[in-house]
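Notes follow once the structure below has been shown.
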Amino acid sequence: MSTFGYSMPNYFQNMPTVGAPLDTANSENEAELKKIEDELEKELSEVLDSGTSDDDVHKKGQLTARQRLEYLVDKGSWFPLDSLYNPVDNKDGSTGVLIGLGKIHDKWAVIIASDNKKIVGAWVPGQALKLTRATDIAKQLNIPLVYVLNCSGVKLDEQDKVYAGRVTGGTPFFRHADLMQIGIPVIVGIYGTNPAGGGYHAISPTILIAHEKANMAVGGAGIVGGMNPKGYVDAETAQALIDATKNAGRSDPPGSVSIHFGETGFFREVYAEEEGVLEAIKKYIDAIPAYNENFFRVDEPKEPAYPVSDLYSHLPFNQRRAYDVRKVIGCLFDGSEFMEFKSGYGPEIVAGLAKINGLLCGVIANYQGMIPNYPEYQENGIGVGGKLYRQGLIKMSEFVTLCARDRIPLVWLQDTTGIDVGDIAEKAELLGLGQSLIFSIQNAKIPQMEVTLRKGTAAAHYVLGGPQGNDTNVFSLGTAATEIYVMHGETAAAAMYAGRLVKDQTAGKDIEPTIEKMNALIKNYTDRSRPGYCAKVGFVDEIVKLDGLRNYICAFVGAAYQNPKSLCAFHQMLTPRVIRDWDASRE
């Protein structure tokens with residue numbers, strides 16, 4: 001029970017409820033969804049276990065990255081992100097680092113851990129993009145970035161895929177400078193040998209804490225020993241390298257603790273035990289400003305009225321089957337309470353205020369099902385849930401703007417087939433209204449997360465809070481039912497080959513080869529739009545089990561309120577008053 005009072009309880013407590021108890025669980029639907037979840041979990045387990053065995057890491061006197069994280073992060077508060085991200089098909093299925101959102105001594109931080117099972121945490125292709133995502137998340141949430149560093153430098157035989165370019169090897173170091181310039185600390189605990197890029201990983205943060213066997217340097221011993229290039233290697237060069245390597249093994253590598261603690265003073269503290277480094281990180285996290293969550297609570301935390309496991313029945317695996325998105329909302333938020341914004345206007349969109357762990361958030365979701373006599377610009381029209389029309393785009397822009405005005409973090413629950421098309425839609429200004437929504441989102445300057453419940457299609461995917469908003473989308477999640485594509489595969493095949501079919505038939509040619517190409521394209525769309533592929537290439541930051549979605553939303557909203565860049569007093573908020581006045585005007 002909180003000892004803090006709550007502002008405006010007549011608005012924020014005992015809000016209207018949504019959802020309903022299950023009549024009958026849909027066991028067939030649940031089985032289809034859980035089959036994919038189990039397959040992805042098995043794949044992730046194989047990725048995490050690949051590389052050097054845990055026993056061999058322990059023989060070196062080290063903990064594994066996962067063991068370090070388990071020690072560092074408060075129990076039950078680790079929410080991994082980009083776990084299956086591997087856009088360039090590294091053989092071990094990994095990009096060599098683990099990232100996620102976690103609590104350290106009850107404070108949220110974005111955490112990066114070098115995976116010392118994978119080439120001792122080396123820079124590999126795709127890793128810099130993952131690191132950049134982590135720095136972006138810290139920036140958007142205004143929370144600290146923590147490194148558990150053990151980076152052996154660039155994987156030299158793939159240096160061209162790692163080193164140069166705009167979002168490659170050096171990018172995170174500039175991001176660290178950016179974070180510090182806006183007041184976000186970067187704290188690093190250093191283990192093992194960290195040469196070259198690994199050294200900049202170490203030196204670019206704010207606080208450096210080292211294990212006694214750690215080092216950081218511009219170059220490693222091997223680089224120092226081989227810096228007289230001839231353009232080729234002969235027997236004389238090889239022997240010189242052999243001698244230099246043998247001698248290097250008898251002395252400390254460049255940039256050891258004796259240098260960077262004893263002389264330069266770059267290391268603030270040094271510990272003989274691995275756990276000492278992690279305890280020191282906790283100590284420095286304790287010194288960082290953060291609000292008590294009760295400062296922002298509007299109600300006592302409570303579970304939804306309906307269990308989150310009901311989502312396995314509410315969310316159809318069959319993409320063509322409609323469902324009640326309010327029932328989905330009822331399984332995710334406190335007490336299944338939901339104060340809906342402009343109910344009846346723009347019915348293809350369900351938007352409103354909800355609570356998670358007693359904290360206020362905005363929710364925007366796609367309605368599913370048929371909408372008679374809609375949209376208003378089409379006579380005798382029938383709207384299709386999941387598609388966006390004029391009123392829905394206006395409604396979202398208004399709600400985003402109100403949440404921005406009141407500094408309320410936003411959760412998008414996306415399941416969209418796209419935006420209405422045709423001349424009548426163009427006359428209804430949907431193109432302009434779609435960009436107006438993008439402007440509103442970019443202008444909002446509030447943390448936002450997005451869940452692609454099922455479909456993310458065409459421009460609707462990014463106007464519905466998608467990951468394309470680099471300054472606005474903190475992270476995106478997918479589910480076992482997620483599909484992301486510019487259009488359905490059959491639609492794409494028709495768009496691409498309809499003209500060819502006409503041309504072939506008119507010329508009396510066999511159309512079967514074109515049909516084969518169409519089916520190949522459809523298969524390609526299918527293979528490259530499913531959950532595993534979406535996670536691999538970064539369309540989503542994580543595929544989350546349906547019964548884990550509420551926990552991720554809770555982590556996001558909690559982190560958003562930890563140290564916000566700006567705030568609005570609850571009694572000065574406009575959004576709940578606009579909702580109530582709208583409802584009163586319709587009575």
Side-chain angles (χ1 to χ4, degrees), residues 2-13 15 101 103-110 136-145 178-185 285-301 333-334 337-339 341 351-364 396-412 440-450 465 469 471-475 553-580:
S2 173
T3 58
F4 290 68
Y6 298 122
S7 299
M8 299 175 68
N10 62 327
Y11 279 96
F12 299 127
Q13 295 178 30
M15 289 158 55
L101 197 59
K103 272 190 172 181
I104 302 172
H105 274 193
D106 206 36
K107 289 180 182 174
W108 291 106
V110 178
D136 285 349
I137 293 167
K139 183 175 183 178
Q140 290 164 329
L141 291 171
N142 206 43
I143 60 176
L145 179 65
D178 181 40
L179 291 179
M180 288 189 285
Q181 287 166 16
I182 59 176
I184 298 173
I285 286 289
D286 287 341
I288 292 171
Y291 284 90
N292 183 313
E293 277 190 346
N294 285 317
F295 189 90
F296 292 106
R297 279 204 168 98
V298 296
D299 200 356
E300 288 293 312
F333 296 95
D334 288 14
E337 296 178 20
F338 184 62
M339 184 187 294
F341 174 73
L353 297 177
K355 295 169 289 188
I356 191 105
N357 198 25
L359 298 167
L360 197 65
C361 64
V363 180
I364 299 175
M396 286 188 284
S397 254
E398 290 176 340
F399 187 68
V400 168
T401 301
L402 283 167
C403 286
R405 187 259 177 216
D406 292 346
R407 319 316 294 157
I408 301 169
L410 264 174
V411 178
W412 298 79
S440 296
I441 292 169
Q442 181 69 18
N443 192 55
K445 305 295 187 290
I446 51 174
Q448 303 174 47
M449 69 165 281
E450 181 263 332
D471 297 328
T472 57
N473 177 281
V474 176
F475 54 78
I553 295 170
C554 189
F556 160 73
V557 174
Y561 278 110
Q562 178 167 296
N563 191 28
K565 298 173 185 176
S566 61
L567 51 90
C568 176
F570 291 110
H571 64 277
Q572 295 165 14
M573 285 185 172
L574 194 58
T575 310
R577 293 175 168 117
V578 168
I579 292 172
R580 186 166 288 184

- Query: What's the verdict on side chain to side chain contact (heavy atoms under 4.5 Å, CB included) for V110 and L101, showing C-alpha distance, side-chain angles and the deciding distance?
  - Reply: CA-CA 5 Å; V110 178; L101 197 59; 4.2 Å; yes
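- Atom SG in C403 sits 11.5 Å away from atom CD1 in I441 (nearest 0.5 Å).
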If you look only at distance, which donor and acceptor atoms sit under 3.5 Å apart when one is on a side chain in residues 555-568 and the other is two or more places apart or in another chain?
{"from": "Y561", "atom 1": "OH", "to": "L360", "atom 2": "O", "distance (Å)": "2.6"}
{"from": "Q562", "atom 1": "OE1", "to": "W108", "atom 2": "N", "distance (Å)": "2.5"}
{"from": "Q562", "atom 1": "NE2", "to": "W108", "atom 2": "O", "distance (Å)": "2.9"}
{"from": "K565", "atom 1": "NZ", "to": "K139", "atom 2": "O", "distance (Å)": "3.4"}
{"from": "S566", "atom 1": "OG", "to": "R407", "atom 2": "NE", "distance (Å)": "2.8"}
{"from": "S566", "atom 1": "OG", "to": "R407", "atom 2": "NH2", "distance (Å)": "3.4"}

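- Of the inter-residue distances, the one linking E293 atom CD with D106 atom CG reads 7.0 Å to the nearest 0.5 angstrom.
- Proximity of V474 to Q448: side-chain heavy atoms (C-beta onward) are nowhere separated by under 4.5 Å.
- E450 is linked by a salt bridge (Lys or Arg N to Asp or Glu O under 4.0 Å) to nothing, counting only residues two or more places apart in sequence or in another chain.
- Among all heavy-atom pairs drawn from I184 and I143, the shortest one is CG2-O, 3.1 Å.
- For K445 (side chain) and A404 (main-chain N/O), no donor-acceptor pair under 3.5 Å exists by modelled atom type.
- In this structure, the side chains of L353 and F399 come closer than 4.5 Å at one or more pairs of heavy atoms.
- The aromatic ring centroids of Y6 and F12 lie 6.0 Å or more from each other.
- The shortest distance between side-chain heavy atoms of F333 and C361 falls below 4.5 Å.
- Of the possible polar contacts, none joining the N294 side chain to the F4 backbone as a donor-acceptor pair under 3.5 Å is found.
- Considering every non-hydrogen atom in both P301 and N357, the closest pair reads CB-OD1, 3.2 Å.
- Considering every non-hydrogen atom in both I408 and G362, the closest pair reads CG2-N, 3.5 Å.
- For F338, the ring pair (Phe, Tyr, Trp, His ring centres under 6.0 Å) test picks out no residue, with sequence neighbours left out.
- Separating the CG atom in D406 from the OG1 atom in T575 is a distance of 3.5 Å, to the nearest 0.5 Å.
- Side-chain atoms of D299 do not come within 3.5 Å of backbone N or O of Q13 as any donor-acceptor pair.
- Contact between V363 and A354 at its shortest, heavy atoms only, is CG2-CB, 3.9 Å.
- Here the shortest heavy-atom pairing between L402 and L574 reads CD2-CD2, 3.9 Å.
- K107 contributes a side-chain N or O that, together with a main-chain N or O of I288, makes up a donor-acceptor pair within less than 3.5 Å.
- Side-chain contact check for R580 versus N10: some heavy-atom pair is nearer than 4.5 Å.
- In terms of modelled atom types and a separation under 3.5 Å, the side chain of Q140 and the main chain of N473 share a donor-acceptor contact.
- To the nearest 0.5 Å, the span separating CD on E300 from NZ on K355 amounts to 10.5 Å.
- Scanning both residues, D471 and Q442, for their nearest heavy atoms gives OD2-NE2, 3.1 Å.
- Side-chain contact check for Y11 versus M573: every heavy-atom pair is 4.5 Å or farther apart.
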